[in-house]
Amino acid sequence: MEPAAPRNELVSAEGRNRKAVLCQRCGSRVLQPGTALFSRRQLFLPSMRKKPALADGSSPDGDLLQEHWLVEDMFMFENVGFTKDVGNIKFLVCADCEIGPIGWHCLDDRKSFYVALERVSHE
């Protein structure tokens, strides 16, 4: 995992992502610069693994993460996949290599897609 960049290097004065958001594993572009808002919200994400292992509904190990990019329209993503529903949650994964979860989406809120800063790279 790359070291965390200083917040002012990643977040613009308007609170948007200054840099492109990439998959840590394959480098595929997830978001273009300026398409997401910085958000602090405590969310649990299972440990990183391939998509089929995420959808089995078991209680996986994971991390409580607080810093995310908030995307309000799923069509803003360049490259993202979704797991099958796990309760009322879908986890976001890289559409190219299927590693994840890199983010979280609650089916109750159609306009909130969270991508964890710790689970992606920036360039």
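Both backbone and side-chain heavy atoms feed into the values below; hydrogens, waters and symmetry mates do not. All values derive from a computational prediction rather than experimental measurement.
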With sequence neighbours left out, what residues match [X] under salt bridge (charged side-chain N to carboxylate O under 4.0 Å, His left out)?
| X | value |
| --- | --- |
| Arg16 | none |
| Glu14 | none |
| Asp96 | none |

Nearest 0.5 Å please: distance from the [atom1] atom of [X] over to the [atom2] atom of [Y].
| X | Y | atom1 | atom2 | answer |
| --- | --- | --- | --- | --- |
| Leu107 | Asp85 | CG | CG | 5.0 Å |
| Asp73 | Ser112 | CG | OG | 11.5 Å |
| Ser47 | Asp63 | OG | CG | 5.5 Å |

So, for [X] and [Y], which heavy atoms are closest and what is the spacing to 0.1 Å?
| X | Y | value |
| --- | --- | --- |
| Gly27 | Leu22 | O-CD2, 3.8 Å |
| Tyr114 | Ser39 | CE2-OG, 3.7 Å |
| Phe82 | Val93 | N-CG2, 4.2 Å |
| Phe91 | Pro101 | CB-CB, 3.6 Å |
| Cys23 | Val30 | N-CG2, 3.9 Å |

| request: Only counting residues at least two apart or in another chain, list the ones meeting side chain to side chain contact (heavy atoms under 4.5 Å, CB included) with Ala116. | output: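 Checked Ala116 against side chain to side chain contact (heavy atoms under 4.5 Å, CB included); matches are Leu45, Leu65, His68, Arg119.
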| said: So, using side chain to side chain contact (heavy atoms under 4.5 Å, CB included) as the criterion, who are the partners of Thr35 when residues are at least two apart? | reply: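 Once residues adjacent in sequence are excluded, the partners of Thr35 under the side chain to side chain contact (heavy atoms under 4.5 Å, CB included) criterion are Asn17, Leu31, Gln32, Met76.
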| Stepwise side-chain contact (heavy atoms from CB on, under 4.5 Å) check, Lys90 with Lys84 | CA-CA 6 Å; Lys90 282 187 180 281; Lys84 292 181 182 175; 5.7 Å; no
| Trace of the salt bridge (charged side-chain N to carboxylate O under 4.0 Å, His left out) decision for Glu9 with Lys19 | CA-CA 8 Å; Glu9 194 176 300; Lys19 298 181 176 189; 3.1 Å; yes
| task | Evaluate side-chain contact (heavy atoms from CB on, under 4.5 Å) for Ile99 paired with Cys26, printing each intermediate quantity in order. | result | CA-CA 9 Å; Ile99 198 75; Cys26 72; over 6 Å; no
| task | Any pair with a residue in residues 102-114 that passes salt bridge (Lys or Arg N to Asp or Glu O under 4.0 Å), sequence neighbours left out, goes on the list, sorted by first then second residue, please. | result | none
| query | Salt bridge or not for Glu67 and Arg41, using N-O below 4.0 Å? | reply |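 Result for this pair is no, no salt bridge flagged.
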| Donor-acceptor contact below 3.5 Å, side chain Arg18 vs main chain Val11 |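 Side chain of Arg18 to backbone of Val11: a pair is present.
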| field | Gln24 side-chain N/O to Ile102 backbone N/O, donor-acceptor pair under 3.5 Å | value |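 No.
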| task | Dump the intermediate steps for side-chain contact (heavy atoms from CB on, under 4.5 Å) on Phe77 and Val115, then the final yes or no. | result | CA-CA 11 Å; Phe77 287 103; Val115 177; 3.7 Å; yes
| query | Do Asn79 and Cys94 come close enough that some side-chain heavy atom pair is under 4.5 Å? | reply | yes
| query | Do the ring planes of His105 and Phe113 sit parallel (below 30°), tilted (30 to 60°) or perpendicular (above 60°)? | reply |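 Judged by the thresholds at 30° and 60°, the geometry between His105 and Phe113 is parallel.
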